[in-house]
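Letters A, B, ... are given to chains in the order of the sequence lines, protein chains preceding strands, and every chain is numbered from 1.
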There are 2 protein chains.
Amino acid sequence: MPRADAVRNRRLLMDAAAAEFAENGMDVSITRIATRAGVGKGTVFRHFDTKEQLLAEVFSDRLEELVAVGRRLTEADDAEAALFEFMTTGVEIHVRDRSFCQAAAALSPSEASVRASRERVAEVADTLVDRAREAGAVRDDVTGLDIVLLLSAAAQAVLSIDEDPQGSLWQRYLALIIDGLRPQGAHPLPVPAPTLGRFTG
Amino acid sequence: MPRADAVRNRRLLMDAAAAEFAENGMDVSITRIATRAGVGKGTVFRHFDTKEQLLAEVFSDRLEELVAVGRRLTEADDAEAALFEFMTTGVEIHVRDRSFCQAAAALSPSEASVRASRERVAEVADTLVDRAREAGAVRDDVTGLDIVLLLSAAAQAVLSIDEDPQGSLWQRYLALIIDGLRPQGAHPLPVPAPTLGRFTG
DNA sequence: ACCTGAACACCGTTCAAGT
DNA sequence: ACCTGAACACCGTTCAAGT
């Protein structure tokens, strides 16, 4: 049973970290985050083992947004439009936040909180893919996890040439990737789909 | 006219940095690189303004490998196979080197050496795309720069779930993206192709 | 229990002193 | 002209001292 000020500080820290990461990227100092939260910097390490874990926690919070959107889209009429809207939202989440793409690339995939929410996104995505496939909108060899990885890829592609990815270039690559997902003219894939479990060890 | 030991040290530093970055990622310390090169760490900053610039220099050296491969493929008989082999080599270069994907994501696109070699890769890629297009192998709204960004994206997609990307999963996403590049069933793209110059300022 | 800030081992970068 | 390592300002993390 945690103390009242502890739960309050944890929340303050998460909020401050989310804001600082979003504004200044994942290299902001712990001191800065602690100051913004109004606590001593020692407190940060009482709530999170490491800076990476704090980043991971913020990261998976953001991913939960995407899970929520995906759940809602599960009940949409147009299964094809639903899947593509899901992907669009996913890329937007990446692009909105200065640290999100960095985090997606830098965070160890074995971080517990990251794995957990990645699993949940993949699960919703699976449902959306299945429905889109029944509607004949996507090829039958792609999975939900494929979708998650590809939308992250679309977001990252843009970073290589644009400092400030607030633009709309990502829409170009998302559209290209979506064309690759369609059943028309699909060539068999050389490698089986990944699973999250395979890398747990 | 630089002194003889200066040009020698510069080369030693580039080699040491390339090796250390490849083995340990882009977070290896300058001290470690300097030690491996057999020079004092002050010397590093005599040759490179900043650690980021050193990384950029190593990065664009690697990119030149891809330029060389692209040049050779320009004269291949099968234009379609040539383009796809170019992309395969590009992803392999990303995946081979522990730091390459990190660098692609973290380096400021305005770094001079990065911009320069990125421009040269895009140029070769343009030639390869044009030839592939004439052969009817790719849609007519993609450019060489698109290709470069997309092959980088394919490499990065894999990093999200696999610690050690020496595997072959990237082949799956490269194949998917290549399917999106084909003319069959291509939908018009919502956003025009990027140019490198646009972001110079 | 939890918070705090001084202390620690590191980092990238600078620069006075050497050759 | 170039090299060097001590010095500097910072960083993430630890921990003894406080409440």
Undergrad: Taking atom types as they are modelled, is there a donor-acceptor pair under 3.5 Å from the base of dT13(C) to the side chain of K41(B)?
TA: yes
Undergrad: If only atom types and distance count, is the side chain of T43(B) paired as donor or acceptor with the main-chain N or O of V39(B) below 3.5 Å?
TA: no
Undergrad: Counting just side-chain N and O atoms, does T50(B) come under 4.0 Å of either OP1 or OP2 of dG12(C)?
TA: no
Undergrad: Whole angstrom is fine here: how far is it from CZ in F45(B) over to P in dA16(C)?
TA: 17 Å
Undergrad: More than 12 non-hydrogen atoms from neighbouring residues, nucleotides or ligands closer than 6.0 Å to CD on Q53(B), yes or no?
TA: yes
Undergrad: Under the criterion side-chain contact (heavy atoms from CB on, under 4.5 Å), I'd like the reasoning laid out for F86(B) against L66(B): C-alpha separation, chi angles, the key distance, then a yes or no.
TA: CA-CA 8 Å; F86(B) 174 78; L66(B) 184 55; 3.7 Å; yes
Undergrad: Using a cut-off of 4.0 Å on non-hydrogen atoms, how would the nucleic acid contact of V7(B) be classed: base, sugar-phosphate, or nothing?
TA: nothing
Undergrad: Could you state the atom-to-atom distance from CD1 of I33(A) to P of dC11(D) in whole Å?
TA: 11 Å
Undergrad: Is it the case that the side chain of R139(A) and the backbone of H187(A) share a donor-acceptor pair, with hydrogens and angles ignored and the cut-off at 3.5 Å?
TA: yes
Undergrad: Using a strict threshold of under 4.0 Å (side-chain N to carboxylate O), is an ion pair present between R10(A) and E57(A)?
TA: yes
Undergrad: In whole angstrom, give the distance that lies between atom CG of D49(B) and atom P of dC15(C).
TA: 13 Å
Undergrad: R3(B) has a side chain; which of dC11(C), dA1(D), dC3(C) sits nearest to it?
TA: dA1(D)
Undergrad: In whole Å, I'd like the distance from the CZ atom of R10(A) to the P atom of dC3(C).
TA: 11 Å
Undergrad: Whole angstroms only, please: what is the CD1-P distance between I30(A) and dT4(C)?
TA: 15 Å
Undergrad: Using only atom types and a distance under 3.5 Å, with no angle test, would you say the side chain of E52(B) pairs donor to acceptor with the backbone of S108(B)?
TA: yes
Undergrad: Suppose we define a pair by two distances each less than 3.5 Å, Watson-Crick or G-U wobble; what does dA16(D) pair with here?
TA: dT4(C)
Undergrad: Under a 4.0 Å heavy-atom cut-off, which of residues 100-107 of chain B touch DNA chain D?
TA: none
Undergrad: Of the candidate nucleotides dG12(C), dC3(D), dT13(D), which contains the atom at the shortest distance from the side chain of A6(B)?
TA: dC3(D)
Undergrad: Go through dC3(D), dC3(C), dG12(C) for me and flag the one nearest to the H47(A) side chain.
TA: dC3(C)
Undergrad: Going from CD on Q184(B) to CG on D179(B), what distance comes out if it is rounded to the nearest 0.5 angstrom?
TA: 9.0 Å
Undergrad: With both distances under 3.5 Å as the test, what is the Watson-Crick or G-U wobble partner of dC11(C)?
TA: none
Undergrad: Once you apply a heavy-atom cut-off of 4.0 Å, does V39(B) come out as touching a base, just sugar-phosphate, or nothing?
TA: sugar-phosphate
Undergrad: Please tell me if S29(A) has a side-chain N or O lying less than 4.0 Å from either OP1 or OP2 of dC10(D).
TA: no
Undergrad: Rounded at 0.5 Å granularity, tell me how far CD1 in I33(A) sits from CE in M14(A).
TA: 11.0 Å
Undergrad: Within this structure, what is the CG-to-P distance between N9(A) and dC2(C), rounded to whole angstrom?
TA: 10 Å
Undergrad: Quick check for you: among dC3(C), dT4(D), dT13(D), whose closest atom lies nearest to any side-chain atom of T43(B)?
TA: dT4(D)
Undergrad: Please report, rounded to the nearest Å, how far the C1' atom of dC3(C) is from the CG atom of L12(A).
TA: 13 Å
Undergrad: Figure out the NZ/C1' separation between K51(A) and dC10(D), and round it to whole Å.
TA: 12 Å
Undergrad: Both R46(A) and M26(A) contact DNA chain D. Which one's nearest nucleotide lies toward the 5' end?
TA: M26(A)
